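For reference, the structure discussed in these notes is given below.
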Amino acid sequence: MCAGGMAFRRSWFSWDRYSEVDLFTERLDQNNSLSQAIRAAASDEMDADGNVLFGQIQGTVVGLKYYSGVVNQGEMVGLEREPHNLYDRNAIMVANIYGSQVGHIRKDLAEAMAYILDRKLAKVEGVVHSSTKNRFSMPVILSFWGKEENKSAVIQRLACYGYKLITGGLKNAFDNLFEGLLESKDGEKEAAESVATPLLPHQRQALSWMCARENECVLPPFWEKRGELYYNTLTCFSAKEIPERVLGGILADDMGLGKTLTTIALILTNFHDGKPLPVYNRVSGTLSIQAPDEQSSAPFLMLCLLRVYSRSMHTRACVCVCPQDQFEEHLRADVKLRVYMYHGPDRNRSTKFLSSQDVVLTTYNVLHDVSSPLHDINWLRVVLDEGHVVRNPNTQMSKAVLDLKAKRRWILSGTPIQNSVKDLWMLLAFLRLKPFDVREWWNRVIQRPVTQGDRAGLQNLQTLVKCITLRRTKTSEVNGRPLVTLPEKSVCVEQVELSASEREEYELAHNEGRHTIGRYVAEGTVLRNYADVLAILMRLRQHCCHPDLLSKTASDAGLAATPAELREHLIEKLRVVLASGSDEECSVCLDSVRLPVITHCAHVYCRPCIAQVIGTEQESARCPLCRSDIKINELVEFPQEEMAEGNGGRSPGKWRTSSKIQALIGNLLRLRREDSTIKSLVVSQFTRFLTILETPLREHGFRFVRLDGTMSQKKRAQVIQDFQSVTPSSPAIMLLSLKAGGVGLNFTAASHVFLMDPAWNPATEEQCIDRCHRLGQKRKVFVTKFIVKDSVEENMVKIQRQKQELVEVAFGSVDNDRKTSRINDIKALMKL
DNA sequence: ACCGCCGGGTGCC
DNA sequence: ACCGCCGGGTGCC
């Protein structure tokens with residue numbers, strides 16, 4: 001500690017040798033001797049090798065039962081990489097002090113650690129503090145030591161695997177850093193007339209605050225004027241010249257509160273001292289200023305400004321950096337701006353051209369191109385959208401961002417802090433918040449005190465952040481009213497008429513079902529036969545959607561009352577299986593099915609293969625797939641006439657449409673004609689219906705994605721991201737299985753919802769609609785429910801309206817009256 | 001009948 | 001291993 005103090009004084013003196021102005025005009029870390037001195041002083045947690053403690057994590061030693069080495073409580077353990085381990089090239093062996101193997105580091109953590117150890121980014125020491133709780137594994141505390149410059153790489157690597165280095169308390173405290181900032185920052189400002197979208201009250205407040213940040217020359221936090229000097233109360237530094245003001249800040253509102261709109265309003269409204277940006281008017285081709293009182297002076301002002309700015313590539317242009325997938329969101333048809341998208345291979349790299357724009361949009365990836373002309377321009381403003389994406393200051397991308405020259409600087413971010421205080425440095429450095437934009441000062445004055453648990457350090461950090469940040473959450477209120485209200489939602493039912501042939505099929509099934517259920521009603525056995533009743537209803541519901549939904553499940557076969565019906569069902573199933581497009585495999589020969597037959601248990605094999613199985617096992621023969629009894633004379637094959645027209649025994653599966661599909665496609669085509677940016681959710685309870693829908697969507701050239709319950713979490717996230725993207729090539733339609741996924745899903749890119757078939761429980765429909773009609777939805781939401789006229793669906797809707805769940809009918813412990821009413825429901829459904 | 005729920009099999013790297 | 005994780009069986013009270 002003593003040595004540290006000496007070193008600090010040395011650095012203080014050496015700093016003295018440079019003029020005071022240096023602190024504000026040059027990056028101190030460009031000066032080697034000084035930054036070295038500070039760095040040497042910075043760490044009193046160094047070991048003999050000059051390594052510093054990065055932090056600790058708790059890991060797990062596994063596989064104890066396979067090895068003889070034992071460890072006592074509090075004992076140190078050795079860690080050894082086993083790059084040639086047969087099972088895992090990332091293996092890390094754990095041994096006790098005698099060198100006897102104790103076990104291995106659990107493989108997920110081993111993977112992260114192997115990367116770090118193999119690259120010598122850190123050394124790791126293990127200590128077993130708590131004793132073994134079981135015979136199989138035990139916890140171990142792992143301390144990571146290394147060179148300061150490798151620290152963030154190590155932290156980042158561990159973070160990739162979900163491990164967070166513990167660097168000392170106060171974690172929760174800075175998690176809440178941004179939560180104390182929920183205040184209105186008084187005052188509202190109307191946007192310039194060129195902003196076509198009216199601002200909400202909280203957006204006008206943000207605009208007022210942002211204009212003030214750009215126009216008012218307030219001292220940065222911790223600076224005050226003392227007599228003739230400007231004095232920093234944290235560093236005790238004083239200077240004669242006024243410290244450079246931060247013209248900008250962090251707009252950290254929650255997603256959906258309109259950060260982008262507010263920023264566009266800022267660009268148009270606050271060109272100069274609260275005056276609007278002179279906007280090029282596309283219609284008349286002349287320059288005009290939108291604020292009425294400025295009209296006469298506009299051309300003159302423009303000339304002056306253009307002349308002033310034409311020197312040394314100063315410009316009135318703003319550059320906005322955003323993540324790739326959010327590119328288009330900034331383009332608003334109603335704002336007449338010279339906007340240039342600086343990306344793609346043919347981008348115009350002329351600084352003169354770029355400087356002549358109002359807004360240049362680019363991405364973080366394009367920006368870090370070394371020869372970027374964007375770095376040769378002195379921008380009026382630079383805006384980082386989703387600014388938290390550049391939080392690691394060591395990346396090329398971050399350096400490119402920091403090197404942008406601009407008078408005013410803004411960060412938009414819904415989640416300003418991701419992991420730790422460290423993330424903040426990048427934000428403050430970008431804003432050039434003196435003196436903390438210099439890493440060493442940030443470390444000494446803020447970061448280290450905070451990570452060491454110094455309350456005052458945290459207090460200072462909070463003050464710092466508070467001065468430059470505006471944050472409201474979706475639950476914030478302004479004048480007792482919520483910040484945002486959802487766009488309108490309208491729900492309509494579209495009746496679908498079945499075609500003559502569909503009606504014929506439907507009535508056939510309906511009469512059959514009505515007969516069966518009528519019998520149950522007469523016998524008073526409806527509730528006892530409920531599964532059958534549901535199955536009948538299910539078949540009718542499927543009829544309403546598409547005939548091909550009916551014939552696939554094995555249980556259908558079970559429903560058949562007569563051998564002839566069973567045979568029909570099995571043939572139908574065989575037809576569907578072979579038509580499904582996938583290369584159906586025989587489970588006996590594991591090859592494509594030749595001479596297909598279907599068993600009574602509804603599994604498909606090659607006839608020779610399954611015949612051999614039955615021949616060998618005789619009376620005890622069982623289906624290789626489900627172990628049901630099978631007999632040679634019960635195998636069902638296609639009737640000869642169908643075999644002939646089939647493609648060598650496999651029908652190519654002729655796709656057919658249905659009335660409901662026609663109704664949907666009609667709507668989708670109409671929407672596409674009206675506005676090709678409209679996106680829709682197409683929802684069904686039958687995933688096979690979704691599959692059937694894929695064909696006409698493809699035929700009509702719709703781009704679509706699909707989300708159903710069979711997909712992994714990772715795949716779902718990918719699909720949702722694709723769908724939510726606003727690029728022109730992104731999918732316009734999501735095929736969605738009604739019950740897929742949890743409540744957290746966000747489909748706000750869609751403004752139209754098509755519910756293809758009614759659900760028993762209307763709440764599941766509502767939940768689905770709410771995934772699209774939620775915070776972040778910018779358009780009016782239209783919900784269309786397709787209901788087949790004169791069908792079980794219509795009756796389902798009637799029952800829905802009474803808010804009754806059919807399942808309760810049969811199984812609920814309801815009293816007799818209610819039971820009677822449920823039975824009446826079923827009668828109503830079947831028109832009995 | 002895409003879902004959650006249950007209980008059995010299972011287990012370092 | 002009194003876990004987590006996996007896959008199979010299962011069913012709406």
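Since this is a predicted model, take the numbers as computed values, not measurements.
- Contacts of A/Leu738 with the nucleic acid, taken as non-hydrogen atoms under 4.0 Å apart, are absent.
- Following rounding to the nearest Å, A/Phe136 (CZ) and C/dC5 (P) show an atom-to-atom distance of 17 Å.
- In summary, the side chains of A/Arg541 and A/Gln685 do present a donor paired with an acceptor at a separation below 3.5 Å, with no hydrogens or angles considered.
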Nucleotide N/O of nucleotides 9-11 of chain C paired with protein N/O under 3.5 Å:
none

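- Comparing the C1' positions of C/dA1 and C/dC5 gives a spacing of 11 Å, expressed to the nearest Å.
- Rounded to whole Å, the distance from CG on A/Asp708 to P on B/dA1 is 14 Å.
- Summarising the geometry, the separation between CG on A/Asp108 and P on B/dC12 is reported as 14 Å, rounded to the nearest angstrom.
- Between the OH atom of A/Tyr67 and the P atom of B/dC13 there is a distance of 9 Å, rounded to whole Å.
- The closest side-chain donor-acceptor pair between A/Glu494 and A/Asn667 falls under 3.5 angstrom.
- Note on A/Arg106: only backbone sugar-phosphate atoms sit closer than 4.0 angstrom, heavy atoms only; bases stay farther off.
- Side chains of A/Tyr163 and A/Asp108: a donor-acceptor N/O pair is present below 3.5 angstrom, by distance only.
- Spacing between atom CD of A/Glu82 and atom P of B/dC13 amounts to 12 Å, rounded to whole angstrom units.
- Under 3.5 Å, the side chains of A/Thr687 and A/Asp708 contain no donor-acceptor pair of N or O atoms.
- When only modelled atom types and interatomic distance are considered, A/Asn90 and A/Glu111 share no side-chain donor-acceptor pair under 3.5 Å.
- Pairing for B/dG9 goes to C/dC5, judged as Watson-Crick or G-U wobble with the two contacts each under 3.5 Å.
- Atom pair A/Asn90:CG and B/dC12:C1' shows a separation of 14 Å (rounding to whole Å applied).
- Looking only at atom types and distance, the side chain of A/Lys123 has no donor-acceptor partner in the side chain of A/Ser143 under 3.5 Å away.
- Remark: A/Phe782 engages A/His752 in a ring pair (Phe, Tyr, Trp, His ring centres under 6.0 Å) (not counting sequence neighbours).
- Atom NZ in A/Lys65 sits roughly 12 Å away from atom P in B/dC13 (whole-Å rounding).
- Below the 3.5 angstrom threshold, one finds no donor paired with an acceptor across the side chain of A/Tyr87 and the base of B/dC12.
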What N/O pairs connect the protein and nucleotides 2-4 of chain C at under 3.5 Å? Give each pair on its own line.
none

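- At whole-Å resolution of the value, CG in A/Leu690 and P in B/dA1 are 13 Å apart.
- Every residue meeting the side chain to side chain donor-acceptor pair (under 3.5 Å) condition with A/Thr748, not counting sequence neighbours, appears here in chain and number order: A/Gln724, A/Asn746.
- Here A/Met538 lies in heavy-atom contact (under 4.0 Å) with sugar-phosphate atoms only.
- When the side-chain contact (heavy atoms from CB on, under 4.5 Å) test is applied to A/Val127, the partners found at least two apart in sequence or on another chain are A/Met76, A/His129.
- Scored by the side-chain contact (heavy atoms from CB on, under 4.5 Å) test, A/Glu502 finds A/Leu498, A/Ser499, A/Ser658, A/Ser659 as partners (sequence neighbours excluded).
- Nucleic acid contact class of A/Asp88 (heavy atoms, under 4.0 Å, all strands): sugar-phosphate only.
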